[in-house]
2 protein chains.
Amino acid sequence: MREKRKLSQKQLGIDAGIDPSAASPRMNQYETGKHRPDPNMTERLCQVLGVPVAYLYCEDDDLARVVASFANLNDKDKRKILSMIDQIESLEG
Amino acid sequence: MREKRKLSQKQLGIDAGIDPSAASPRMNQYETGKHRPDPNMTERLCQVLGVPVAYLYCEDDDLARVVASFANLNDKDKRKILSMIDQIESLEG
DNA sequence: CCACTAAGAGACTCTTAGCCG
DNA sequence: CGGCTAAGAGTCTCTTAGTGG
């Protein structure tokens with residue numbers, strides 16, 4: 001049971017380890033696309049958000065959906081998805 | 001039918017639009033992790049490689065597999081995967 | 001509290017010029 | 001040809017200081 005808090009930009013940054021005095025502008029620069037976080041910060045932000053890093057880079061909504069969901073499946077369900085893909089590709093690839 | 005060429009680091013960079021005189025060191029800096037490409041270059045490299053940008057950020061091999069495959073499926077097969085995920089989540093979420 | 005911005009110090013990348021198998 | 005590296009000019013981010021809802 002994952003819990004979903006509502007975070008401000010600033011609080012998200014603080015939770016990811018940014019100095020509280022700098023978290024607000026820094027997070028805002030990320031959200032508005034003015035600057036981008038380095039790989040370590042990207043990783044930490046994703047951990048706080050509970051999504052894989054790849055999720056941030058999904059331009060397509062369906063792909064984003066798949067990435068976010070797959071990461072939280074148990075092993076058995078992951079294997080189910082993977083074997084379905086195998087099957088589709090063996091028929092059409 | 002996707003074709004899979006074998007590219008040198010340099011040639012991949014050239015195909016993505018980097019000046020040929022700088023492509024070799026620049027691509028090598030990306031591959032060794034010394035520097036990272038800006039978002040435009042990341043996009044171009046992924047277009048040349050035929051993978052979604054998200055693929056580069058998959059730390060987990062299974063997730064990488066899903067991302068690379070899903071992006072190349074037709075709409076019907078994408079919907080098949082998506083509805084399977086819906087079903088799994090409605091049972092266990 | 002919230003979201004957001006400007007500007008400068010400091011950190012980063014890209015280019016040039018190379019080495020080595 | 002291939003992969004790879006150092007170093008400096010130029011570019012970008014992070015912090016500080018601040019605005020306004």
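Lettering follows sequence order; numbering is per chain, from 1. Side-chain atoms are counted along with the backbone in the values below, which use heavy atoms only and exclude waters and symmetry mates. It should be emphasised that the depicted structure is a prediction, and the values quoted were computed from it without experimental measurement.
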| task | Report yes if a side-chain nitrogen or oxygen of B:Y30 is closer than 4.0 Å to either non-bridging phosphate oxygen (OP1 or OP2) of C:dT13; otherwise report no. | result | no

| query | If you round to the nearest 0.5 Å, how far is CG of B:L12 from OG of B:S24? | reply | 11.5 Å

| field | N or O in side chain of A:R26 less than 4.0 angstrom from D:dT13 OP1/OP2 | value | no

| According to a strict under-4.0 Å criterion, is B:S21 in side-chain N/O contact with OP1 or OP2 of C:dT15? | no

| OP1 or OP2 of D:dC4 sitting under 4.0 Å from any side-chain N/O of B:K34? | no

| message | If you assign each of A:N28 and B:D38 to its closest nucleotide in DNA chain C, which residue comes earlier from the 5' end? | response | A:N28

| Is there side-chain contact between B:P52 and A:D60, with heavy atoms separated by less than 4.5 Å? | no

| Of the nucleotides C:dT13, C:dT15, C:dA6, which one has an atom closest to the side chain of A:Q29? | C:dA6

| said: As a test of reading the structure: which of D:dT15, C:dC14, C:dC4 is closest to the side chain of A:A22, going by heavy atoms? | reply: D:dT15

| task | Quickly work out the B:K6 NZ to D:dG3 P distance and round it to whole Å. | result | 7 Å

| task | Rounded off to whole Å, could you give me the CG-to-C1' distance for the B:N40 and C:dT13 pair? | result | 15 Å

| Separation of C:dA3 P from A:I14 CD1 (nearest whole Å) | 11 Å

| request: Round to a whole Å and report the spacing from CD of A:Q9 to C1' of C:dT5. | output: 12 Å

| request: Just call it for B:P25: base, sugar-phosphate, or nothing, with non-hydrogen atoms closer than 4.0 Å on any strand. | output: base

| request: Would you tell me if any nitrogen or oxygen in the side chain of A:T32 comes within less than 4.0 Å of OP1 or OP2 on C:dC4? | output: no

| note | Closest to the side chain of A:H35, out of C:dC2, D:dC14, C:dT15, is D:dC14

| Between A:E31 (CD) and C:dA3 (P), how many Å, whole number? | 8 Å

| task | Kindly say whether B:K80 contributes a backbone atom to a donor-acceptor pair with the side chain of B:S83 at under 3.5 angstrom? | result | yes

| query | What integer distance in Å separates A:L7:CG from C:dC1:P? | reply | 15 Å

| query | Tell me: CD1 of B:I18 to P of C:dT13, nearest whole Å? | reply | 14 Å

| Is a salt bridge present between A:E92 and B:K76, judged by a nitrogen-to-oxygen distance below 4.0 Å? | no

| query | Heavy-atom distance under 4.5 Å between the side chains of A:Y30 and A:T42, does that happen here? | reply | no

| task | Take the protein atom NZ of B:K10 and the nucleotide atom P of D:dG3, then report the distance between them rounded to whole Å. | result | 10 Å

| Quick one: which of D:dC14, C:dT5, D:dG3 gets closest to the side chain of B:S24? | D:dG3

